[in-house]
Amino acid sequence: MYRELALSDLVQVRSRRQKAAAADLARYESAFGRWDDRASVRRNPRRLLGAPAGDAVYFPPELFPAATHQLVVDKGPDVVRRLLVCRLYDYLNFTTELEEIAVMPVAGKISRGRAGIDLPEHMRADAFKSVTDEAWHAQFSDDLARQVEVHTGVPRGRFGMPAFAGRLDGIRVGMPDAVHGLEGLLFAIVSETLVSGILADIPRDERLPAAVRDLVRDHAEDEGRHHVYFRTLLRHLWPALDTEQRQAVGPLLPEIVFAFLEPDYLSVGRSLRACGCTAAEAEQVLFESWPTDRVVRDTARAAEPVLRYFGRVGALDDPGTAEAFTAAGLWSA
Ligand SMILES: [Fe+2]
Ligand SMILES: [Fe+2]
C-alpha cells in the first residue's frame, strides 16, 4: 500500500508519452523568487486578537445575506452579531479544510514529481513552498477561531464535512476512470486562482478586529503567488490532455467552479439554528437569501478570472464544454 501510494501519480495523462517540449519546460517564471522575504510564514507574527470593542463586527454583513435577512434582524443585534461570529468560524474552518483536503495534497504530489504531467523542474521546488504556505494558512485560521471563541464566548460547535468535499465526490462518480484525479487537480486550480478575490475587501474593513483583517491580508498576499503558480499549472495541464480527456472533463468544469464558490448551505443552516432560529426559520432564511439567480450571478462574477484562463488554454473551444458553461449561466459566447 505505501509503495503504491509513493508511486501513484495525481492524474493519468495518456498523452504524456508525448513529452512536453523542452522549450515549454524551460520557460517558467517563478512567482516565489523572494519567498524567504515575503511568505507570511517567514515574515509575519502570529495574529493576536486584542479585546475587541463591544460593537466589533466579525464578518461584513454585506457579504453574508443571512445576516441582513429581516427574520434575523428582527431577532435583535445580539443575534446578528452572533451569526456573524459563526460566519467567521465557517470561513476559517473552510480555509483550514480547503488547504488540508484539497490544496496541500495536490501541491505535495507536484513537489514529489508525481503530478502525472511534465512540469518545469522549478515548479516542483515551488510546490514545496506552496505546501508550507498552505499549512501555515490552515494553522493560523484554526488558531484565530480559537481566539475568537475565547473573546466572544460564542461556541464554535461541531463542523460538518465541508460542502466542496461532497460536491467533488459527486463529480468524480460521473467521471470515466481514465480521468479520475483530474477533478482534484482542476479544483485546486479553480480554488487557487479564485480564493484571493473572494475576500479582497476585508483587510480594509475597519469595523473588523485588526487580527481578522491582518490574517486575511496575510493569506491574500501569499495567495497572489499561488494564483500565478496555478494559472501556470493550467497552461501545462491542458495541452497535456488528449482530445478524449478534454471532452470528458471539460463539461465538468462548471460543476467544479460551483463546488468551490456555491455557499455551504448546511453550514449556514447550522449557524442559524445555533443562533436561535427554528428549523423552518432557518430554511426560509436560506431559501430567500440565496435564490438560484443570485447564486448563479455571484458565481459567474467571482469565476471570471478562471474562465479567462480556461479560454486562453482553449478549453472553451470544445463545444460540449462551452455548452456546459453556458447552460450553467457562467458564460456567454
Ligand atoms: Fe492558502
Ligand atoms: Fe494557496
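Only heavy atoms go into these numbers, but all of them, side chains included; no hydrogens, no water, no symmetry mates. No experiment lies behind these values; they were computed from the predicted model shown. All ligand and atom numbering here is 1-based and tracks the order in the structure.
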Next item on the list: Taking atom types as modelled, find out whether D142 and T96 have a side-chain donor-acceptor pair closer than 3.5 angstrom.
Entry: no
Margin query: Between R81 and D78 (salt bridge meaning N to carboxylate O under 4.0 Å), is one present in this structure?
Written below: no
Note to self: What I want to check is whether the side chains of D143 and Q147 have a donor and an acceptor closer together than 3.5 Å.
What the structure shows: yes
Only pairs under 3.5 Å count here: list side-chain donor-acceptor contacts from residues 210-227, not counting sequence neighbours, and write none if there are none.
unit_1, atom_1, unit_2, atom_2, d
R213, NE, D205, O, 3.3
R213, NE, L208, O, 3.0
D214, OD1, R217, NH1, 3.0
R217, NH2, P203, O, 3.3
D218, OD1, N44, ND2, 3.0
D218, OD1, R47, NH2, 3.0
D218, OD2, R47, NE, 2.8
D218, OD2, R47, NH2, 3.4
H219, NE2, E99, OE2, 3.2
H219, NE2, H137, ND1, 3.1
H219, NE2, E223, OE2, 2.9
E221, OE1, R43, NH2, 2.9
D222, OD1, S40, N, 3.1
D222, OD1, R225, NH2, 2.8
D222, OD2, H137, NE2, 2.8
E223, OE1, H226, ND1, 3.2
E223, OE2, H137, ND1, 3.4
E223, OE2, H226, ND1, 3.4
R225, NH2, R38, O, 3.4
H226, ND1, E134, OE2, 3.0
H226, ND1, E192, OE1, 3.1
H226, NE2, D133, OD2, 2.7
H227, ND1, T193, O, 3.2
H227, NE2, Y309, OH, 2.7

Item checked: Atoms of the protein (N/O/S only) found under 2.8 Å from the Fe ion (ligand 2) -> E134 OE2, E192 OE1, E192 OE2, E223 OE1, E223 OE2, H226 ND1
Next item on the list: Hey, can you tell me if F94 and F260 have their rings parallel, tilted or perpendicular (30° and 60° cut-offs)?
Entry: tilted
Margin query: I'd like to know whether Y265 forms a side chain to side chain contact (heavy atoms under 4.5 Å, CB included) with V295, so could you lay out the CA-CA distance, the side-chain angles of the two residues, the decisive distance to 0.1 Å, and finally the verdict.
Written below: CA-CA 12 Å; Y265 305 112; V295 172; 3.4 Å; yes
